[in-house]
Amino acid sequence: MNKLLYSLWLKVQEPRALSVIYFFAYLAIGLLGLFVATDPPRTVSGLGSALMIWWGALLLFGGALGSIAVLPGIWWLERAATGFCMTAIGLYGWGLATLPVTQVSARMATFCFVVFALLMFATRLVKIRHYAYDPEK
């Protein structure tokens with residue numbers, strides 16, 4: 001069993017620890033998309049059910065693609081995943097900006113998380129932008 005796990009670990013794209021962290025980040029985004037599509041949050045439900053389903057679907061699709069692509073280092077597929085995730089996060093940020101403000105601090109905290117998420121996905125996109133696969137393989 002240990003040999004099997006070790007051989008699987010060796011197949012993970014270097015740096016392995018970062019690839020595993022990104023895997024769980026994509027998994028979390030995909031789960032968020034599933035929850036948003038099936039039970040949209042009431043705090044932004046004023047944006048309409050069509051936008052909520054679209055937002056959830058983009059998150060789910062981006063998270064699923066990223067989860068599949070990040071461990072083996074299929075960067076062309078992961079670039080598509082980051083695009084879907086960033087589009088969904090951007091839609092959420094746009095939606096936040098259009099809703100009436102009831103508590104400025106809560107809105108700004110949420111908006112800062114949106115900016116943070118966009119920047120983290122942009123960082124990943126910059127890191128993998130030049131190659132379709134690992135150039136060392």
Side-chain angles (χ1 to χ4, degrees):
M1 182 67 168
N2 285 341
K3 247 185 183 180
L4 175 64
L5 289 176
Y6 185 70
S7 68
L8 288 174
W9 175 251
L10 291 178
K11 291 181 181 184
V12 173
Q13 173 64 42
E14 289 281 357
R16 290 182 182 95
L18 283 179
S19 293
V20 170
I21 290 168
Y22 282 118
F23 170 79
F24 284 110
Y26 282 118
L27 195 61
I29 286 290
L31 285 172
L32 173 61
L34 179 65
F35 297 138
V36 166
T38 58
D39 185 25
R42 288 169 192 78
T43 56
V44 290
S45 62
L47 297 174
S49 62
L51 185 60
M52 291 293 101
I53 292 170
W54 180 239
W55 175 44
L58 284 171
L59 289 170
L60 179 60
F61 195 61
L65 281 181
S67 297
I68 292 167
V70 70
L71 292 178
I74 306 171
W75 293 337
W76 65 268
L77 188 58
E78 192 180 351
R79 279 196 297 273
T82 58
F84 286 118
C85 292
M86 290 176 75
T87 301
I89 293 166
L91 276 173
Y92 181 68
W94 172 80
L96 282 177
T98 63
L99 290 173
V101 176
T102 56
Q103 185 181 3
V104 176
S105 62
R107 179 65 55 88
M108 289 311 298
T110 306
F111 188 73
C112 287
F113 273 113
V114 167
V115 170
F116 174 78
L118 282 172
L119 291 173
M120 289 298 98
F121 276 105
T123 300
R124 182 63 180 167
L125 198 55
V126 166
K127 183 176 178 172
I128 63 173
R129 75 179 182 269
H130 293 296
Y131 304 102
Y133 295 95
D134 182 5
E136 296 176 10
K137 289 186 178 183

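To the nearest 0.5 Å, atom OG1 of residue T82 and atom CD1 of residue I89 are 10.0 Å apart. Taken to the nearest 0.5 Å, the OG atom of S19 stands 15.5 Å off from the NZ atom of K11. In this structure, CD1 in I29 is found 13.0 Å from CG in L34, a value given to the nearest 0.5 Å. Expressed to the nearest 0.5 Å, how far OG1 of T87 lies from CG of L59 amounts to 10.0 Å. To the nearest 0.5 Å, atom CE of residue M86 and atom CG of residue L119 are 8.0 Å apart. Between the CG atom in L65 and the CG atom in L60 there is a gap of 9.5 Å [rounded to 0.5 Å].
Counting heavy atoms from C-beta on, the side chains of I128 and R79 come closer than 4.5 Å. Contact check for R16 versus L10: side-chain heavy atoms found under the 4.5 Å cut-off.
At a threshold of 4.5 Å between side-chain heavy atoms, the hydrophobic network of Ile, Leu, Val, Met, Phe, Trp and Tyr places F84 and W76 in one connected group. In this structure, L125 is a member of the same hydrophobic cluster as L71, with clusters built from ILVMFWY side-chain heavy atoms closer than 4.5 Å. Note on F24: it clusters hydrophobically with V12, by side-chain heavy-atom contacts below 4.5 Å among ILVMFWY residues. At a threshold of 4.5 Å between side-chain heavy atoms, the hydrophobic network of Ile, Leu, Val, Met, Phe, Trp and Tyr places V114 and M120 in two separate groups. Residues V70 and W9 share a single hydrophobic cluster, defined by chaining ILVMFWY side chains whose heavy atoms lie under 4.5 Å apart.
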Next on the checklist: What verdict does the side chain to side chain contact (heavy atoms under 4.5 Å, CB included) test give for K127 and L18, after you've listed the backbone C-alpha separation in whole Å, the side-chain angles of each residue and the deciding distance to 0.1 Å?
Outcome noted: CA-CA 12 Å; K127 183 176 178 172; L18 283 179; 3.8 Å; yes

Next on the checklist: Between Y92 and L32, does the side chain to side chain contact (heavy atoms under 4.5 Å, CB included) criterion hold? Intermediate values first, please.
Outcome noted: CA-CA 12 Å; Y92 181 68; L32 173 61; over 6 Å; no

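Closest approach of A88 to L58, counting heavy atoms only: CB-CB, 3.6 Å. Considering all non-hydrogen atoms of both residues, I53 and A37 come closest at CG1-O, 4.3 Å. When all heavy atoms of S67 and L27 are compared, the closest pair comes out as OG-N, 3.4 Å. Annotation for G66 and A81: closest pair N-CB, 3.3 Å, computed over non-hydrogen atoms.
Among residues two or more places apart in sequence or in another chain, the ring pair (Phe, Tyr, Trp, His ring centres under 6.0 Å) test is passed with Y22 by none.
Ring planes of F121 and Y26: tilted class, angle from 30 to 60°.
Within 6.0 Å of the CZ atom in F23, the count of heavy atoms belonging to other residues, nucleotides or ligands exceeds 12.
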